[in-house]
Amino acid sequence: AQLVESGGGVVQPGRSLRLSCSASGFMFSTYAIYWVRQAPGKGLEWVAVMAHDGSTENYAVSVRGRCAMSRDNANKTLFLQMHSLRPEDSATYYCARGDNYFGLDVWGQGTTVTVSS
Amino acid sequence: DIHLTQSPSSLSASVGDRVTITCRASEAIGHYLAWFQKKPGKAPEALIYTASRLQSGVPSKFSGSGSGTDFTLTISSLQPEDFATYYCQQYDTFPYTFGQGTRLEI
């Protein structure tokens, strides 16, 4: 099982960015996918989750209203669209698969977002 | 939100030592607690789920216990590769919060 994030980069405050999480080696359509971020020198912060079928989503207060997830199960890819980016959104963003029993058991290597003018 | 408090925030130990990290939840979360190891520049590695069960491939030197609000992670026979930051996470109630981390140093 493997997850690979992409789409990170340097972006100006107020701009948008779309992160991708591509899966392989497991049945992507049966797992919820999570985003977790880590700002430089800080701890892990849970960001968002989308259910296996895309039917439900949940977002941390820090990003609610500025982020939207979508998924393409046929192509085993999940997206995190981020709007109105702020300097405090600068972090390495990890996607992870999870379920209600095993928790977040497989993680990608992360993609780094830097919000700076 | 459920708040997780880890103690200690940092811990110094030696190769061969046994250490214990605690994680206290602000409200009961049953056994829905996980532990992760995080090294700089690397993805978090899942160690334990449902408070006490080892993820596949994780050596038995790691063990977890607890339920409700109080949990522990114990690492026995420390090796150089074990020096990292450890996080607990509750997955009982959204948002799935993390503890602030415990940095294990040589």
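A note on names: the letters A, B, ... follow the listed sequences, proteins ahead of strands, and every chain is numbered from 1.
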Self-check item: Top contributor to chain B contacts, counting heavy-atom pairs under 4.5 Å, from A:Val61, A:Asn100, A:Val36
Solution: A:Asn100

Practice problem: State whether the number of non-hydrogen atoms from other residues, nucleotides or ligands found under 6.0 Å of B:Arg53 atom CZ is greater than 12. | Solution: no

Quiz prompt | Which portion of B:Glu45 sits near chain A, non-hydrogen atoms under 4.5 angstrom | solution = neither

Quiz item: Any chance the rings of A:Tyr101 and B:Tyr32 have centres within less than 6.0 Å?
Solution: no

Quiz prompt | Toward chain B, the part of A:Asp105 with a non-hydrogen atom under 4.5 Å | solution = both

Quiz item: Does B:Leu54 belong to the same Ile/Leu/Val/Met/Phe/Trp/Tyr cluster as A:Trp107, with side-chain heavy atoms less than 4.5 Å apart forming each link?
Solution: no

Practice problem: Check whether more than 12 heavy atoms from other residues, nucleotides or ligands sit under 6.0 Å from atom CZ of B:Arg18, and answer yes or no. | Solution: no

Self-check item: Contact origin within A:Gln38 toward chain B - heavy atom pairs under 4.5 Å
Solution: side chain

Practice problem: Taking all non-hydrogen atoms of both residues into account, name the closest pair between A:Tyr34 and B:Phe94 and its distance. | Solution: CE2-CE2, 4.3 Å

Exercise. Give, as side chain, backbone, both or neither, the part of B:Tyr87 having an atom under 4.5 angstrom from any heavy atom of chain A.
Key: side chain

Quiz item: Between B:Ile21 and B:Phe98, is there a shared hydrophobic cluster once you connect ILVMFWY residues whose side-chain heavy atoms come closer than 4.5 Å?
Solution: no

Self-check item: Structural part of A:Val49 lying under 4.5 Å from a heavy atom of chain B
Solution: side chain

Quiz item: Are a donor atom and an acceptor atom from the side chains of A:Gln109 and B:Lys42 found within less than 3.5 Å of each other?
Solution: no

Quiz item: Angle class for the A:Trp46/B:Tyr96 ring planes (parallel below 30°, perpendicular above 60°, tilted otherwise)?
Solution: tilted

Quiz item: Picking from B:Pro44, B:Ala46, B:Pro40, B:Gly99, which has the most non-hydrogen pairs under 4.5 angstrom with chain A?
Solution: B:Pro44

Quiz item: Shared ILVMFWY cluster between A:Phe79 and A:Trp35, side chains joined below 4.5 angstrom?
Solution: no

Quiz item: Is there a chain of hydrophobic side chains (I, L, V, M, F, W, Y, each step under 4.5 Å between heavy atoms) that links A:Leu104 to B:Leu4?
Solution: no

Quiz item: B:Gln55 side chain to A:Phe102 main-chain N or O, any donor-acceptor pair under 3.5 Å?
Solution: yes

Quiz prompt | Within 6.0 angstrom of B:Lys61 NZ, more than 12 heavy atoms from elsewhere | solution = yes

Exercise. Working to the nearest 0.5 Å, report the span between CG of A:Leu44 and OG1 of B:Thr85.
Key: 9.0 Å

Self-check item: Closest contact, heavy atoms only, A:Tyr94 versus B:Ala43
Solution: CE2-CA, 3.7 Å

Practice problem: Kindly work out whether a path of hydrophobic side-chain contacts (I/L/V/M/F/W/Y, heavy atoms less than 4.5 Å apart) joins B:Tyr49 to B:Leu47. | Solution: no

